[in-house]
Number of protein chains: 2
Amino acid sequence: MTHDPILRFRRFARSVTTEVGALDESFLGRGRSLGAARVLNAIGHGRTDLAELRAYLTLDSGLLSRLLRQLEAEGLVRLSQSPLDARARIAELTETGAGEFAAYEDISNDRASSLLARHPKPEALLAAMDLIASALGQDRIVTEERDPRDDPSVFCLNEYYAELGRRFSTGFDVNLSCDPQATDLIAPRGAFLVAFSDGMPIGCVGVKGNGGPIAEIKRLWIAPSARGLGLAKRLMTQAEERAQTLGIQTLRLDTNSVLPEAIRLYRSTGWTEIDRFNDDPYPDHFFEKTL
Amino acid sequence: MTHDPILRFRRFARSVTTEVGALDESFLGRGRSLGAARVLNAIGHGRTDLAELRAYLTLDSGLLSRLLRQLEAEGLVRLSQSPLDARARIAELTETGAGEFAAYEDISNDRASSLLARHPKPEALLAAMDLIASALGQDRIVTEERDPRDDPSVFCLNEYYAELGRRFSTGFDVNLSCDPQATDLIAPRGAFLVAFSDGMPIGCVGVKGNGGPIAEIKRLWIAPSARGLGLAKRLMTQAEERAQTLGIQTLRLDTNSVLPEAIRLYRSTGWTEIDRFNDDPYPDHFFEKTL
DNA sequence: GAATTTATCTGACTTAGGTCAGGCAAATGA
DNA sequence: TCATTTGCCTGACCTAAGTCAGATAAATTC
């Protein structure tokens, strides 16, 4: 009874609601309504178009308009016409606004770090949070095509290498493997896709092309907290679609038996096993798919 | 940067807020305000005294009064005078009210179980939730004196035995150990304390007395998700205080070196090591403390 | 038994949040 | 070019939520 999964879930929901409520309370301490504070924060986080703000905060256009007017009157926000569309407006923080935004950030950060600081195992706590955030945010996972040298891409790639290092009993040395050139992973030769969940990179995949009709899938990685949610399949489908739009006809990939989940995925999604097509020391399985 | 603990925490907060918001939205679908729904739910969960309701939901007495009147008019709630205090009132669900309450429960449970059902590792997800709920609910942990045969007590004791079974290489057999009689753990001879976090039992400790001035501390257990938060120390302090009010002058306990955290705790809180005082096969360390 | 405290109710009031219809001006498409 | 769509604003309006100052009656204290 006490172990009932649903009771455990609901206990969790209750405790988090209380925590979030307390955060809202402390936001109120700055003498502004929660709505106005949310708008200020969204602008501070780089959401400048009014349409974008409205969509993100799910606000009625009238309501947003009024909240912005309020913030403008306080001297926190500057509104200007969009250079692209004279009907649209753009919101920016003034210097005072940036200061106020920083104050809200401090409140959030203080709560977060004090909770983490007084916990005996902050890393375990964070891992638990990642797991839950990925599970809850399943429907909000978005994929973006990125330069493989971008911050989030590099983060994914490093996690990928670290994972291989753990899986191969002999470790993994990037320099021994055929590390793809960044330009081969960027259109028009190829592409690099990164999956984000609420702004955090949780997976990636690369299409490495050479301008010809044959390209390779490289660097498929899914964050541990997001495994089992079908993200790998989704990323692979998107990579194949992107490859097609780049004019690629055949995709190949190499992999290793220390990655059985990956091999299972390829077998179940139309890939056929082929002979070795490179002399990279790490892989022992090779696949091909005609698009 | 992407690995910044604070960003991870805030991503977590965002995703949970969205989930909780969605739950509230679906509550609204039953044509009642969130406030009224909260009151109905609290009554359904056994909170009958108005004062208790007010404290739990942090509602103004006027507001609660009005929400109750609304629920009463809908025929969901029956209000009656308290038999103990003619000023106080007691709220109960009518049959219709119980049906409505069940509908809200179903909404919550459906969300919970659908999330758990579509996750590849529901047990890991639940463990993560327990960990977070314990961390967030630190300030809301309450200790109650319970009959050791109560549901939550039995849950704790079973978890305790299972834990010992894992720690002892030879396993643990309750029948070989001196399992205390329930009556020795109930006032006036002794006491059994259970710590609850948002209704879930997360720790226990027993004072086993025999009517004389010497008693024993038994069955100190803390749920894995709540370890390191200082709960053991707190439970021990409360057990010692309770022992004192029961007229006990000296406390003893036995323990084993497979439980090093416990031994460290006893050493650091005024217990002195003494000679073996029983012939239980499991313990190898014995402590005493004069109150 | 009088004074005080406690538990709740009532009515007046405020505020945040949100909806809706209509309006204006720029952009778009036939 | 003209009708339509889009992006935003304005003012009127509504509701849930919450606060506050008494009022009432039972319980407690002196």
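A, B, ... follow the sequence lines: proteins, then strands. Residue 1 opens every chain.
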Between R54(B) and D60(B) (salt bridge meaning N to carboxylate O under 4.0 Å), is one present in this structure?
no
In whole angstrom, what separates L59(B)'s CG from dA7(C)'s P?
17 Å
Short question: side chain of E92(A), backbone of R78(A) - any donor-acceptor pair under 3.5 Å?
no
What residues from residues 38-58 of chain A pass a heavy-atom cutoff of under 4.0 Å to DNA chain D?
L50(A), A51(A), R54(A)
Using heavy-atom distances to pick each residue's nearest nucleotide on DNA chain C, tell me which of S61(A) and G35(A) is more 5'.
G35(A)
Take E144(B) and L193(B) through the test side-chain contact (heavy atoms from CB on, under 4.5 Å) and record every step on the way to the result.
CA-CA 6 Å; E144(B) 286 180 25; L193(B) 305 179; over 6 Å; no
Would E145(A) and R242(A) pass as an ion pair if we require N to O under 4.0 Å?
yes
Do S134(B) and S225(B) get their side chains close enough for a donor-acceptor pair, meaning under 3.5 Å?
yes
Rounded distance (Å) that lies between atom P of dG17(C) and atom CG of D24(B)
15 Å
Could you check whether S197(B) and R140(B), counting side-chain N and O atoms only, form a donor-acceptor pair closer than 3.5 Å?
no
Which nucleotide in dT10(C), dT19(C), dT10(D) has an atom nearest any side-chain atom of S65(B):
dT10(C)
Hey, can you pull the residues of residues 69-88 of chain B with a non-hydrogen atom under 4.0 angstrom from DNA chain D?
D85(B), A86(B), R87(B)
For residues Y104(B) and R32(B), is any side-chain donor paired with an opposing acceptor at under 3.5 Å?
yes
Please report the distance, rounded to the nearest Å, between CG in L63(B) and P in dA16(D).
12 Å
Is there, by distance only and without an angle test, a donor paired with an acceptor across the side chain of R66(A) and the base of dT19(C) below 3.5 Å?
yes
Length of the line joining F27(B):CZ and dA16(D):C1', which is rounded to integer Å:
17 Å
Indicate, with a heavy-atom threshold strictly under 4.0 Å, whether S33(B) touches base, sugar-phosphate, or nothing.
sugar-phosphate
Figure out the CG/P separation between D60(A) and dC14(D), and round it to whole Å.
16 Å
Please state how far atom CG in L28(A) lies from atom P in dT19(D), giving the value in whole angstrom units.
11 Å
Regarding L34(A), tell me which of base, sugar-phosphate or nothing describes its non-hydrogen contacts under 4.0 Å with the strands shown.
sugar-phosphate
Could you check how far CG of L67(A) sits from P of dT15(C), rounded to whole Å?
16 Å
Could you check whether R47(B) makes a cation-pi contact with Y56(B), meaning its NZ or CZ is under 6.0 Å from the centre of the six-membered ring and within 45° of the ring axis?
yes
Between T58(A) (side chain only) and A55(A) (backbone N and O only), is there a donor and an acceptor less than 3.5 Å apart?
no
